[in-house]
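Structure first, then comments.
Remember, predicted model here, so these are calculated numbers, not experimental data. Heavy-atom basis, side chains included; hydrogens, waters and symmetry copies ignored. As the structure lists them, so they are numbered: ligands from 1, and atoms in each ligand from 1.
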Amino acid sequence: MKKKSEQKLWGGRFNSSTEDIVEQLNASIEFDQRLFHEDISGSIAHAKMLASCNIISIKECDLIVNGLQEIYEEIKNGDFNFQIDREDIHLNIEAALIDRIGSVGAKLHTARSRNDQIATDIRLFTRKECTAILQELRNLRRVLLNIAEQESQIILPGYTHLQRAQPILLSHHLQAYEAMFSRDSQRFEQTRLNANKSPLGAGALAGVTYPIDRNFVAKELGFDSIITNSIDAVADRDFILDFHSAASTTMIHLSRLAEEIIIWGSSEFNFLTFDDAFATGSSIMPQKKNPDVAELIRGKCARVIGNLVQSLTLLKSQPLAYNKDLQEDKESFFDTVDTVKICLIAMHKMLPTLGFNTENMYKAANDDFILATDFADYLSKKGIPFRDAHEAIGKLVLYCENNQLAFSDLSLEDFQKSHALFDSDILDMDIHTALSNRNVIGGTGPESVKNERDKAMSRLDLEENSHANPKN
Ligand code: ARG
């Protein structure tokens with residue numbers, strides 16, 4: 001029989017040691033060591049609060065803080081020995097502190113539980129990662145707007161049902177993605193706000209019996225406020241769900257963009273080419289240049305959605321307050337953080353390397369019937385109901401198809417056979433007039449698109465400036 005129980009920081013009421021298999025199942029140190037920075041910051045703030053409330057002496061506080069700072073350096077430099085029998089990041093650091101400074105170190109856990117400790121760590125981590133992802137989202141949005149500006153002349157068909165629908169500007173299309181990612185930014189901003197509240201001081205679940213100052217700790221750690229209800233403070237992981245949800249929506253947006261890049265890069269479309277740095281070859285087919293980066297971004301969306309579902313399922317039906325189930329919130333969370341970040345960065349770096357095949361896009365935009373809506377609008381503006389105009393143009397399409405003609409082959413007489421209200425100016429209509437007729441708010445007309453782009457740029461600059469010196 002191993003005599004490990006007395007080594008455990010919680011081992012007082014145990015007679016025998018933990019089974020190896022339990023140790024393996026229970027330990028989270030392999031992954032939660034990633035929270036060392038947050039764990040030590042939380043402990044330092046807690047120790048300072050204990051001193052300021054005369055629960056420990058200033059001297060004891062100094063010893064604890066110095067010890068924690070040394071441990072921090074050790075971990076940062078890779079010199080720290082994480083031990084599986086010390087379970088998790090909290091106990092590894094606390095035990096190392098006691099090894100280092102003796103019984104004073106054992107005072108750190110006064111008026112605290114690992115339950116409010118982990119809640120604090122993961123909230124600090126969420127806040128940090130929201131800030132990082134917000135920066136990556138801004139980088140991607142900037143790139144989209146820059147390309148939209150540089151390529152403001154490129155015209156391509158806009159699609160519905162993946163069928164050519166109406167001519168649009170590429171910049172308009174890219175700006176639609178910018179709008180999507182700007183909503184993602186709002187979601188991460190909100191997640192950051194939801195996470196940035198202090199649970200520390202809630203103790204195990206019921207609050208603590210010491211005269212602590214929860215606001216002191218909250219201020220020290222840069223939290224906006226405290227989570228008042230101690231049970232909620234240790235049990236709440238809604239902010240993690242918010243994060244997963246924001247991340248999933250972001251990944252869905254990335255996957256839509258990735259999908260379009262893949263389709264546009266196919267020989268069937270031939271709208272763009274991939275730079276060597278963002279493509280890979282085939283081990284068997286020498287001619288291949290594959291868009292793996294876009295495919296991986298599209299594919300990684302699945303694991304992020306999977307992680308969201310895992311977290312929702314994890315919380316479902318959990319009774320209050322803390323349960324060990326909550327330890328299972330971390331790996332999926334870390335995975336999502338890393339996945340979203342790498343995909344945002346890869347997309348932002350890949351976009352400027354895409355070579356747009358302007359001529360092919362233009363050719364496709366001049367599809368035989370792409371001006372059908374514009375022709376119907378032409379007639380309806382001359383006074384006939386739009387439905388009748390629609391019917392007349394529908395018939396004209398049929399006539400062209402039966403005679404293997406495009407709209408551009410039609411003479412004025414052909415038009416007039418379809419409807420007497422057609423005049424010679426119908427022959428001047430082309431995709432350029434179709435675009436300039438849409439200089440309406442949010443339309444694909446070049447002036448409207450530029451206006452919207454300027455506004456999006458200003459919004460982005462504003463966001464960038466307000467995040468230039470984050471408080472924490
Ligand atoms: N490793 C644990 C977690 O991630 C820390 C909290 C453990 N608390 C407890 N009472 N066992 O949730």
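In summary, the atoms of ligand 1 found under 4.0 Å from a heavy atom of His90, numbered by their order in the structure, are 5 (C). Each of the following atoms of ligand 1 lies closer than 4.0 Å to a heavy atom of Ser28: 1 (N). Every atom of ligand 1 with a heavy atom of Lys330 under 4.0 Å away is listed here by number and element: 3 (C), 4 (O), 12 (O). Within ligand 1, the atoms closer than 4.0 Å to a non-hydrogen atom of Asp88 are 1 (N), 2 (C), 5 (C), numbered from 1 in the order shown.
Side chain to side chain, Glu260 and His173 meet the donor-acceptor criterion of an N or O pair below 3.5 Å. Under the 3.5 Å distance criterion, with hydrogens and angles disregarded, no donor-acceptor pair is assigned to the side chains of Gln190 and Arg187.
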Apply ring pair (Phe, Tyr, Trp, His ring centres under 6.0 Å) to the pair Phe82 and Phe36, showing each step before the final yes or no. CA-CA 11 Å; Phe82 288 111; Phe36 79 93; 7.6 Å; no

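With hydrogens and angles disregarded, a donor-acceptor distance shorter than 3.5 Å links the side chain of Asp32 to the backbone of Ile89.
Scored by the side-chain contact (heavy atoms from CB on, under 4.5 Å) test, Ile98 finds Leu9, Glu94, Ala106 as partners (sequence neighbours excluded).
The residues Asp461 and Arg142 are annotated as salt-bridged, a charged nitrogen and a carboxylate oxygen being separated by less than 4.0 angstrom.
If you check which protein heavy atom lies closest to atom 11 (N) of ligand 1, you get Arg114 NH2, 3.5 Å. With hydrogens left out, the protein atom closest to atom 12 (O) of ligand 1 is Tyr322 OH, 2.5 Å, a heavy atom. Summary of contacts: the protein heavy atom closest to atom 1 (N) of ligand 1 is Gln327 OE1, 2.7 Å. Of all protein heavy atoms, the one closest to atom 9 (C) of ligand 1 is Asn115 OD1, 3.4 Å.
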